[in-house]
Colleague: 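Can you keep this structure in mind? I'll have questions shortly.
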Amino acid sequence: MTERIREFLRSRREDGPCLVVDLEVVRENYLSFARALPDTRVFYAVKANPSPEVLKLLAGLGSCFDTASVAEIEMALAAGATPDRISYGNTIKKERDIARAYELGVRLYAVDCTEEVEKVARAAPGSKVFCRILCDGAGAEWPLSRKFGCEPSMAVDVLEYAHRLGLEAYGVSFHVGSQQANTEAWDQALASSAGIFRECAERGFNLSMVNLGGGFPTRYLKDVPAVEAYGASIFQALCRHFGNAIPETIIEPGRGMVGNAGVIEAEVVLISRKSADDDIRWVYLDIGKFGGLAETMDEAIRYPIRTPRDGDAVEPCVLAGPTCDSADVLYEKVPYPLPVSLSIGDKILIEGTGAYTTTYSAVAFNGFPPLKAYHI
Ligand SMILES: *Cc1c(COP(=O)(O)O)cnc(C)c1O
């Protein structure tokens with residue numbers, strides 16, 4: 001929560017929940033990444049917060065962009081990024097979307113199987129491709145599934161196939177899982193990457209790049225290591241596994257770039273109990289899973305919540321959203337302590353909500369409009 005956001009909310013007149021992002025914080029985050037990993041290019045993961053203001057700021061600072069669709073590529077271009085600073089990082093692409101990206105000048109593509117390599121070879125001839133490998137995501141609060149990536153042993157075949165089809169077999173990528181609290185989480189995947197580099201060299205072609213992905217955390221309720229600790233640990237792992245032949249590297253921070261820059265203001269719509277002697281109160285907000293708080297799914301991400309009554313005695317509460325979907329409950333397995341004095345109509349602040357909120361907000365489920373956002 002910054003003074004600029006507080007000031008903005010004080011003068012806001014519109015009704016309804018909103019996200020306010022302080023662009024100064026995004027700028028500081030970018031500079032911290034650049035300082036902590038000085039020889040690494042930053043590709044901001046656009047999906048975390050694709051607002052034109054964020055993209056324009058980052059483009060101006062020299063950031064590159066990791067995109068998942070033609071629409072995201074167009075957003076990055078509109079913000080001032082040149083196509084050589086854009087990666088089409090989704091391993092699942094329609095061939096006509098690859099062709100469109102190629103037309104727009106994009107020459108860097110993610111793959112994780114030979115079938116996708118064939119599409120890229122046809123629709124984006126001569127481009128650079130990197131192969132994504134599986135990574136178990138241990139230590140991450142929002143682990144990624146087996147949906148993306150292949151076994152390291154298969155990656156060698158995928159890259160060799162790309163090389164044979166006239167693409168540039170450029171490197172390897174992985175993602176250690178989002179909100180990764182363990183600074184050592186990159187070690188195992190870097191060991192695998194070095195193995196793939198060696199194997200490819202033996203087969204007669206050389207890789208150049210390791211894409212270290214995202215995973216850098218935002219502070220929610222618990223402290224997280226500083227970005228410098230991640231930089232140091234990654235650099236050590238690179239030295240350990242690549243010796244004096246450290247490859248070109250890139251990172252793709254999403255959450256770590258924008259998460260702590262945003263605060264959502266919401267309103268308490270109702271406070272009730274399920275029986276006269278129920279010791280748990282239900283607190284219903286005007287925002288829920290469908291209004292931007294999708295990452296509370298399985299109670300994975302636990303946001304810090306500030307109320308105007310902080311300091312008063314607290315009581316465990318179930319937190320829920322305003323829609324008529326019974327899945328629209330935020331915290332129930334582990335109830336959330338909130339002041340006993342909290343009242344209907346109170347405005348609360350949900351911190352650390354700059355990433356993965358506006359983009360996960362439904363268009364008009366139950367007639368609730370998408371999450372309003374202001375970038376200041
Ligand atoms: C989502 C995503 C990221 C960003 O991950 P964070 O954990 O938010 O930093 C980076 N790279 C790829 C390929 C992604 O899909």
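Just so you know, ligand 1 is whichever comes first in the structure, and atom 1 is the first atom listed for that ligand.
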Colleague: For Asp66, which part has a heavy atom under 4.0 Å from ligand 1: side chain, backbone, both, or neither?
Modeller: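 The part of Asp66 near ligand 1 is the side chain, not the backbone.
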Colleague: Tyr356 heavy atoms, cut-off 4.0 Å: which ligand 1 atoms fall inside?
Modeller: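 Ligand 1 atoms under the 4.0 Å threshold to Tyr356: 1 (C), 4 (C), 5 (O), 6 (P), 8 (O).
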Colleague: Looking only at distances, can you tell me whether any N or O atom of Gly215, backbone or side chain, sits closer than 3.5 Å to an N or O atom of ligand 1?
Modeller: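 So ligand 1 has an N or O lying under 3.5 Å from an N or O of Gly215.
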Colleague: With Arg302 as the cation and Tyr331 as the aromatic partner, state whether NZ or CZ is under 6.0 Å from the six-membered ring centre and within 45° of the axis.
Modeller: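 Here Arg302 passes the 6.0 Å and 45° test against Tyr331.
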Colleague: Which residue in the set Tyr30, Tyr44, Tyr230 passes ring pair (Phe, Tyr, Trp, His ring centres under 6.0 Å) when paired with Phe216?
Modeller: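 That would be Tyr230.
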Colleague: If we only count N/O pairs under 3.5 Å, is Gly177 in contact with ligand 1?
Modeller: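 No - when backbone and side-chain N and O of Gly177 are compared with those of ligand 1, no distance drops under 3.5 Å.
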Colleague: Is the shortest distance from a Lys or Arg side-chain nitrogen in Arg132 or Glu116 to a carboxylate oxygen in the other one below 4.0 Å?
Modeller: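 The answer is no: the pair does not qualify as a salt bridge.
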Colleague: Counting each atom of ligand 1 from 1 as listed, which ones have a heavy atom of Arg132 under 4.0 Å away?
Modeller: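 It comes down to these atoms of ligand 1: 13 (C).
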Colleague: Please step through side-chain contact (heavy atoms from CB on, under 4.5 Å) for the pair Ile264 and Tyr303, ending with a clear verdict.
Modeller: CA-CA 10 Å; Ile264 285 174; Tyr303 295 108; over 6 Å; no
Colleague: Taking 4.0 angstrom as the limit and counting only heavy atoms of Glu252, give me the atoms of ligand 1 inside it, by number and element.
Modeller: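 Counting from 1, the qualifying ligand atoms are 3 (C), 4 (C), 9 (O), 10 (C), 11 (N), 12 (C), 13 (C).
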Colleague: May I ask you to identify the nearest protein heavy atom to atom 7 (O) of ligand 1, giving residue, atom name and distance to one decimal place in Å?
Modeller: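 Looking only at protein heavy atoms, the one closest to atom 7 (O) of ligand 1 is Ser178 OG, 2.4 Å.
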Colleague: For atom 14 (C) of ligand 1, what's the nearest protein heavy atom and its distance?
Modeller: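 Ranking protein heavy atoms by distance from atom 14 (C) of ligand 1, first comes Lys47 NZ, 2.8 Å.
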Colleague: Of all the heavy atoms in Pro253, does at least one lie under 4.0 Å from an atom in ligand 1?
Modeller: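 Distance cut 4.0 Å: Pro253 passes for ligand 1.
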Colleague: Could you check atom 5 (O) of ligand 1 against the protein and tell me its nearest heavy-atom contact, residue, atom and distance included?
Modeller: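 It is His175 NE2, 2.9 Å.
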Colleague: Between Lys47 and Glu72 (salt bridge meaning N to carboxylate O under 4.0 Å), is one present in this structure?
Modeller: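 Looking at Lys47 and Glu72, the cut-off is not met.
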Colleague: Distance under 6.0 Å and angle within 45° of the ring axis: does Lys93 meet both against Tyr109?
Modeller: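 Not satisfied by the 6.0 Å and 45° rule.
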Colleague: Closer than 4.0 Å to some heavy atom of Gly254 - which atoms of ligand 1 meet that?
Modeller: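 Listed by number with element, the hits are 4 (C), 6 (P), 8 (O), 9 (O).
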Colleague: Which of the numbered atoms in ligand 1 are under 4.0 angstrom from any heavy atom belonging to Arg255?
Modeller: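 Those qualifying, in numeric order: 6 (P), 8 (O), 9 (O).
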